[in-house]
There are 2 protein chains.
Amino acid sequence: MDEFDLKILKILQTDAKYSLDEIARELKIPKSTVAYRIKKMEREGIIKGYYAHIDPASLNLDYIIISSVKAKYGKNYHVELGNKLAQIPGVWGVYFVLGENDFIVMARYKNREEFMEKFLEKVMSIPEVERTSTQVVVKIIKESPNIVIF
Amino acid sequence: MDEFDLKILKILQTDAKYSLDEIARELKIPKSTVAYRIKKMEREGIIKGYYAHIDPASLNLDYIIISSVKAKYGKNYHVELGNKLAQIPGVWGVYFVLGENDFIVMARYKNREEFMEKFLEKVMSIPEVERTSTQVVVKIIKESPNIVIF
DNA sequence: TCTGAAATCAGAATGGT
DNA sequence: ACCATTCTGATTTCAGA
């Protein structure tokens, strides 16, 4: 992975619709070389895919929450519980962390009712859960997990 | 926004490289109609863009943190502080939340040294910050903020 | 691995309903 | 708004270096 690969990634992470010609022009290398390198990074798993960014607000997903989950200890508790949390509809992020809590869970719902029904009640009924504490997001100031290279 | 729009979004959120022909075949509607609808949703801001998903691990971004930031109160403190946090290199998410804390900050670094230097020292030197508490992510069980429709 | 050229295919534009 | 057709241009393939 060299300077050119990094520049290609930097472009594609912000706009996947950039054409081979445009990238080639900017990097001043032939477009077939750009194509070759992109294919290589796709093969190697450096580029994991391409997706559309859909505005959650357009789908009325205005009830955004970040929840801390403390687990009861036991064998494989964190694998089990992690998977269960990841499968809850509305949940897009599950992180196993060191510190006061065990899991940080990110989720989006239409409203408080949907959150209660689809998230809270489900989480509280999972036997491995000791307790949870949820914070409601008032404003998303930044959310660009696709930006990996600065 | 009807059933077809939703199905199109559902496809594109997981794979933006799906072709018009493929989508048309699956939904059993003409490809020019699919094109028309996608363009419409792009114009309306429902589809905000297309991004490559780059594997952070391939770039050795293994030091992943979730930080809670408590702010000193003052006029516009949360706008100011939010923007400052969002501008720190390595930070990809900043959420203003209700609850014990004021901000939840998501960031990725290569290692502990980089985290200390680029993140912690910067955050601790921001005057609006009262205190911070950081959790280190041991494992990402799920991270797919692009998945909006389940 | 890199590159130019040719071939293929996908997306944009058009115009009629 | 929908859709068939045409046209343009982007991506893939391939062969030589």
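What you are looking at is a predicted structure, and each value in this text was computed from that prediction instead of being measured. Labels below follow one simple rule: chain letters A, B, ... track the order of the sequence lines, proteins then strands, and each chain is numbered from 1.
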Take the protein atom [atom1] of [X] and the nucleotide atom [atom2] of [N], then report the distance between them rounded to whole Å.
X        : N       : atom1 : atom2 : answer
Lys40(A) : dT12(D) : NZ    : P     : 17 Å
Glu42(A) : dT11(D) : CD    : P     : 11 Å
Ile23(B) : dC9(C)  : CD1   : P     : 18 Å
Tyr18(B) : dC9(C)  : OH    : C1'   : 17 Å
Lys28(B) : dC2(D)  : NZ    : P     : 18 Å
Ile29(A) : dC2(C)  : CD1   : C1'   : 10 Å
Ile38(A) : dT1(C)  : CD1   : P     : 16 Å
Arg25(B) : dG11(C) : CZ    : C1'   : 15 Å

Exercise for the section: Report the residue from Met41(B), Lys10(B), Lys40(B) that forms a side chain to side chain contact (heavy atoms under 4.5 Å, CB included) with Asp5(B). Expected result: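 Testing each of Met41(B), Lys10(B), Lys40(B) against Asp5(B), the sole residue satisfying side chain to side chain contact (heavy atoms under 4.5 Å, CB included) is Met41(B).
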Problem - Sugar-phosphate, base or nothing in reach of Ser32(A), heavy atoms under 4.0 Å - result: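 Base contact.
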Exercise for the section: Would you kindly confirm whether Ile140(B) and Val136(B) end up in one hydrophobic cluster when ILVMFWY residues are joined by side chain heavy atoms under 4.5 Å apart? Expected result: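 Not linked; separate clusters.
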Practice task
Spell out, yes or no, whether Ile104(B) and Met106(A) are grouped together once hydrophobic residues are joined by side-chain heavy atoms under 4.5 Å, including indirect joins.
Solution key: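 In one cluster: yes.
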Practice task
Please state whether the base of dG4(C) and the side chain of Lys31(A) form at least one donor-acceptor pair under 3.5 Å?
Solution key: no
Handout entry: Salt-bridge contact Glu42(B)-Lys39(B) (side-chain N to carboxylate O under 4.0 Å)
Key =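 Salt bridge: yes.
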Tell me whether the side-chain N/O atoms of [X] come closer than 4.0 Å to OP1 or OP2 in [N].
X        : N       : result
Lys39(B) : dA12(C) : yes
Arg37(B) : dC3(D)  : no
Thr33(B) : dC2(D)  : no
Tyr36(A) : dT1(C)  : yes

Practice task
Check every atom of dC2(D), dG4(C), dA10(C) against the side chain of Asp21(B) and return the nucleotide holding the closest atom.
Solution key: dA10(C)
Practice task
Looking only at side-chain atoms of Leu20(A), point me to the closest of dA4(D), dT1(C), dT12(D).
Solution key: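 The listed nucleotide nearest to Leu20(A)'s side chain is dT12(D).
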Handout entry: Phe96(A) and Tyr77(A) aromatic ring geometry - parallel, tilted or perpendicular at 30°/60° bounds
Key = perpendicular
